[in-house]
Amino acid sequence: MDLNELTVFVRVVQAGSIRAAADQMGMPKSTVSRKLMALEDRLDARLLQRTTRKLGLTDAGRIFYDHGLRIVTDVESAERAVRSQQETPRGLLRVTAPLNLAFLGPIISDYLARYPEVRLELSANARVVDLIDEGFDVGLRIGPLTDSSLIARPLGAAHWVLAATPAYLARRGRPPTPAELKRHDCLLFGAQPALELVRPGHSEKVALAPRLQVTDMDVLHHATLNGLGIAALPELACAADLQTQRLERVLPDWRPPSTAVHIVYPNRRHLPPTVRSFIDHLAAAAALSSDDPGPAPERG
């Protein structure tokens, strides 16, 4: 069954004439007549009685119209439902992200408040998740990208700072160079005992025997606030502590290399509004984030 022919037949019956239906559908009258003839030939039945003054339904046409009207109405309802779904973010959005991204909390809360018909499932994983195989709509990636089949939108970079409490620095002193970190209690995130530091035109890698080495950023942050030593912390995680001087920057001219942040998704065509709106929301939040990690400590 050709749905176009069925739709033309229903519209002709509703309009009362071929010419009126052609005008309503924006088709040439000859095209409408041809589609009606093709439909009757396919059914091997006359559906309409045509005269110069009047158009009427045959018995077969009346039966076919009753069934055809329901089909056309259902198709139009389905199209309206899809268009509505494409206009307003709603339904389930599945997002995967690395562990230790506490800064996502306010961003996601704001997004859900803005789009009350969206349900969001956020899965935090230490591993890189396959979006397609595991049914995720969007992924947040920190660091180098490995899957070139995904569409990647850069969100900026995660910046890091060296920080410690004023009490620790008063007790142990401030290291004047990266090499002096070896004489301090250092707290590191991840599995590598070496710490890379950069400044414009220079890079230095310091091998350390860390006092604490941990893969949970919250533990590292709390240990630093408790005065256990000098840590490399994400700027966003410790910005409030630096502003209130619960923490102070160490070696303010140096910092660990920034880490690229991307949002990835399987396809750029026909993005559902939930995916498109979430990507735009994250991009806007990234653009508003500050690069200022807080005041540098005064040197007396």
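Residue numbers count from 1 along this sequence.
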J.: Keeping E248 on the side-chain end and A163 on the backbone end, is there a donor-acceptor pair under 3.5 Å?
T.: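 The answer is no, because no donor-acceptor pair under 3.5 Å joins these two groups.
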J.: Is any side-chain heavy atom of M27 less than 4.5 Å from a side-chain heavy atom of V8?
T.: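 With C-beta onward as the side chain, the pair touches.
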J.: For a 4.5 angstrom cut-off between non-hydrogen side-chain atoms, does L233 reach H221?
T.: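 Result yes, sub-4.5 Å side-chain heavy-atom pair found.
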J.: Do H281 and Y115 make the cut of ring centroids closer than 6.0 angstrom?
T.: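 No, they do not, as the ring centres are separated by 6.0 Å or more.
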J.: Atom CZ of residue position R211 - does it have more than 12 heavy atoms of other residues, nucleotides or ligands inside 6.0 Å?
T.: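 No, not enclosed.
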J.: Are the side chains of E121 and V95 in contact, using a 4.5 Å heavy-atom criterion?
T.: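 Heavy-atom side-chain distance check fails, nothing below 4.5 Å.
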J.: What is the minimum heavy-atom distance between P266 and L131, and which atoms define it?
T.: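 The answer is CD-CD1, 4.3 Å.
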J.: Please determine whether the number of non-hydrogen atoms from other residues, nucleotides or ligands lying under 6.0 Å from atom CZ of R171 exceeds 12.
T.: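 It does: R171 CZ has more than 12 such atoms within range.
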J.: Strictly by modelled atom types, are T259 and W160 linked by a side-chain donor-acceptor pair under 3.5 Å?
T.: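 A pair is found: one side chain offers a donor N or O, the other an acceptor, under 3.5 Å apart.
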J.: Looking only at side chains, do Y168 and T224 share a donor and an acceptor under 3.5 Å apart?
T.: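 T224 and Y168 do not have a side-chain donor-acceptor pair below 3.5 Å.
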J.: May I ask you to decide whether D59 forms a salt bridge with R46, counting only side-chain N to carboxylate O separations under 4.0 Å?
T.: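 Not counted as a salt bridge, because no side-chain N and carboxylate O are separated by less than 4.0 Å.
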J.: Between R255 and E235, does any NZ, NE, NH1 or NH2 come within less than 4.0 Å of an OD or OE carboxylate oxygen?
T.: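 Judged by the 4.0 Å cut-off on N to carboxylate O distance, E235 and R255 do form a salt bridge.
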J.: For D44, does the CG atom sit with more than 12 other heavy atoms under 6.0 Å from it, leaving out its own atoms?
T.: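 No, CG of D44 has 12 or fewer neighbouring heavy atoms, counting only those of other groups under 6.0 Å.
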J.: Closest heavy-atom contact between I107 and A285?
T.: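 Shortest heavy-atom separation between I107 and A285 comes out as CD1-CB, 3.8 Å.
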J.: Just checking, is any N or O donor in the side chain of S123 or N125 under 3.5 Å from an acceptor N or O on the other one?
T.: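 A donor-acceptor contact under 3.5 Å links the two side chains.
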J.: Would you call R70 and D74 a salt bridge, using N to O less than 4.0 angstrom?
T.: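 Result for this pair is no, no salt bridge flagged.
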J.: Between Y111 and F278, how do the two ring planes meet: parallel, tilted or perpendicular, split at 30° and 60°?
T.: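 Aromatic pair Y111/F278 classed perpendicular.
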J.: Just checking, is any N or O donor in the side chain of R19 or S17 under 3.5 Å from an acceptor N or O on the other one?
T.: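 No donor-acceptor contact under 3.5 Å links the two side chains.
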J.: Report yes if the side chains of L162 and L197 come closer than 4.5 Å at any heavy-atom pair, otherwise no.
T.: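 They are in side-chain contact.
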J.: To the nearest 0.5 Å, tell me how far E196 CD sits from E204 CD.
T.: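 Those atoms lie 10.5 Å apart.
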